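All values reported here derive from a predicted model rather than from experimental measurement.
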Amino acid sequence: MHEGGNGGAADTPSEAPASGVEQPGFLALERELTVLLRRARASQGEMSREVHPDLEPSAYGLLVRLDECGEQRATELAAYIGVGKATMSRQLHALEELGLVTREPDPADGRAWLVALTPEGRDRVSRVREARRVRYARSLADWDAGEVTELARLLHQLNRGTDR
């Protein structure tokens with residue numbers, strides 16, 4: 001066992017394991033997530049253009065949320081996406097202009113707005129999401145179905161952990 005000669009905690013062998021960030025697993029995780037996130041950003045841009053050529057890539061996730069959850073208050077969408085009211089209002093206005101969403105006053109609270117996909121928006125988002133799943137199936141064709149399920153489970157666990 002090596003002990004540091006200058007008495008600094010950085011020289012102690014327990015420093016790296018205590019923080020854990022220098023462990024090979026975390027280094028590999030950081031590297032692979034960086035690649036995955038870079039590819040996801042590029043893919044999100046492609047998918048947004050498939051929904052509509054003028055759709056901002058950042059708005060694609062908002063459309064997916066509406067597709068999965070149905071109509072929601074604008075404030076709920078802003079909180080879920082992690083943007084402020086002004087940004088959400090701007091994005092929703094752009095989506096309305098493209099004919100992808102509608103906004104109507106919330107009958108339970110006239111100050112709030114309910115946002116929903118239009119039939120055209122739902123159709124476009126559904127087609128793009130289906131095409132994306134087909135690409136995933138092709139990319140992972142040599143994987144066992146259980147491995148795909150396990151990857152989805154682990155990614156869900158990672159996403160839950162980062163929400164904290």
Side-chain angles (χ1 to χ4, degrees), residues 19-23 25-140 143 147-164:
S19 68
V21 298
E22 295 300 322
Q23 294 178 10
F26 286 110
L27 292 171
L29 176 65
E30 188 268 337
R31 180 178 50 251
E32 296 304 325
L33 282 176
T34 298
V35 171
L36 178 67
L37 293 172
R38 179 178 45 79
R39 289 179 178 165
R41 278 190 300 276
S43 177
Q44 186 170 0
E46 292 169 14
M47 290 180 295
S48 67
R49 284 186 299 279
E50 289 175 29
V51 171
H52 193 284
D54 297 330
L55 181 65
E56 292 182 27
S58 60
Y60 178 78
L62 201 151
L63 296 175
V64 169
R65 178 69 173 184
L66 290 170
D67 188 43
E68 290 180 348
C69 299
E71 72 180 12
Q72 291 192 312
R73 285 185 173 188
T75 53
E76 292 171 328
L77 288 169
Y80 176 77
I81 300 293
V83 298
K85 289 179 185 180
T87 299
M88 180 56 56
S89 179
R90 183 186 59 76
Q91 283 188 336
L92 291 175
H93 179 71
L95 292 172
E96 278 183 299
E97 291 289 316
L98 296 175
L100 301 173
V101 302
T102 60
R103 283 193 291 180
E104 298 183 8
D106 184 345
D109 180 354
R111 299 168 296 165
W113 291 91
L114 287 177
V115 182
L117 289 174
T118 62
E120 176 73 11
R122 184 170 314 287
D123 181 56
R124 288 175 179 247
V125 170
S126 294
R127 279 189 277 129
V128 171
R129 293 185 77 197
E130 175 66 23
R132 182 172 58 170
R133 286 190 300 272
V134 167
R135 286 194 298 267
Y136 290 158
R138 267 193 242 122
S139 296
L140 303 176
W143 285 39
E147 291 174 320
V148 174
T149 301
E150 179 65 2
L151 176 60
R153 186 190 70 76
L154 290 170
L155 288 171
H156 178 73
Q157 186 174 336
L158 175 66
N159 287 329
R160 267 198 349 251
T162 58
D163 283 344
R164 293 182 203 150

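The two residues Ile81 and Gly61 make their nearest non-hydrogen contact at CD1-C, 4.1 Å. Across all their heavy atoms, Pro105 and Gly110 have their closest contact at CB-O, 4.5 Å. Looking at every heavy atom in both residues, Thr162 comes nearest to Asn159 through OG1-O, 3.0 Å. Annotation for Gln91 and Ala59: closest pair NE2-N, 4.2 Å, computed over non-hydrogen atoms. Minimum heavy-atom separation, Tyr60 to Arg129: OH-CG, 3.5 Å. Shown here for Ala78 and Gly84, the closest heavy-atom pair between the two residues is CB-O, 4.3 Å.
Distance OG1/Thr102 to CG/Leu92: 10.0 Å, rounded to 0.5 Å. Interatomic distance, CZ of Arg138 versus CG of Leu140, reported as 11.5 Å (0.5 Å rounding). Atom CZ in Arg41 sits 8.5 Å away from atom CZ in Arg38 (nearest 0.5 Å). Atom CG of Asp54 sits about 11.5 Å away from atom CG of Leu95, to the nearest 0.5 Å. Put simply, CD on Glu76 and SG on Cys69 are 9.5 Å apart, with the number rounded to the nearest 0.5 Å. Taken to the nearest 0.5 Å, the CG atom of Leu62 stands 10.0 Å off from the CZ atom of Arg65.
In this view, Arg153 and Glu150, Gln157 satisfy the side chain to side chain donor-acceptor pair (under 3.5 Å) rule, not counting sequence neighbours. The side chain to side chain donor-acceptor pair (under 3.5 Å) check on Gln44 picks up nothing, with sequence neighbours excluded. For Arg49, the side chain to side chain contact (heavy atoms under 4.5 Å, CB included) criterion is met by Glu46, not counting sequence neighbours.
Inter-residue side-chain proximity for Glu71 and Val115 is flagged as unmet; no heavy-atom pair is nearer than 4.5 Å. Between Val101 and Leu63, some side-chain heavy-atom pair lies under the 4.5 Å cut-off. Here the side chains of Ser48 and Val128 are not in contact, with every heavy-atom distance at 4.5 Å or above. Taking 4.5 Å as the limit, some side-chain heavy atom of Arg103 sits within range of a side-chain heavy atom of His93. Counting heavy atoms from C-beta on, the side chains of Leu66 and Leu77 come closer than 4.5 Å. The closest side-chain heavy-atom distance from Arg39 to Leu36 is not below 4.5 Å. Val51 is not listed as a side-chain neighbour of Leu98, based on a closest heavy-atom distance of 4.5 Å or more. Between Asp109 and Arg73, the closest side-chain pair of non-hydrogen atoms falls below 4.5 Å.
Residue-environment remark: CD (Glu104) stays at or below the threshold of 12 foreign heavy atoms within 6.0 Å. Arg133 CZ: more than 12 foreign heavy atoms inside a 6.0 Å radius.
A side-chain donor-acceptor contact under 3.5 Å links Thr118 to the backbone of Gly99. Side-chain atoms of Asp123 never come within 3.5 Å of backbone atoms of Pro119 as a donor-acceptor pair (strictly under, hydrogens ignored). With Ser89 contributing its side chain and Lys85 its backbone, the two residues share no donor-acceptor pair below 3.5 Å.
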Item to check | Audit row: Arg132, Glu50, salt bridge (charged side-chain N to carboxylate O under 4.0 Å, His left out) steps and yes/no | outcome: CA-CA 11 Å; Arg132 182 172 58 170; Glu50 289 175 29; over 6 Å; no
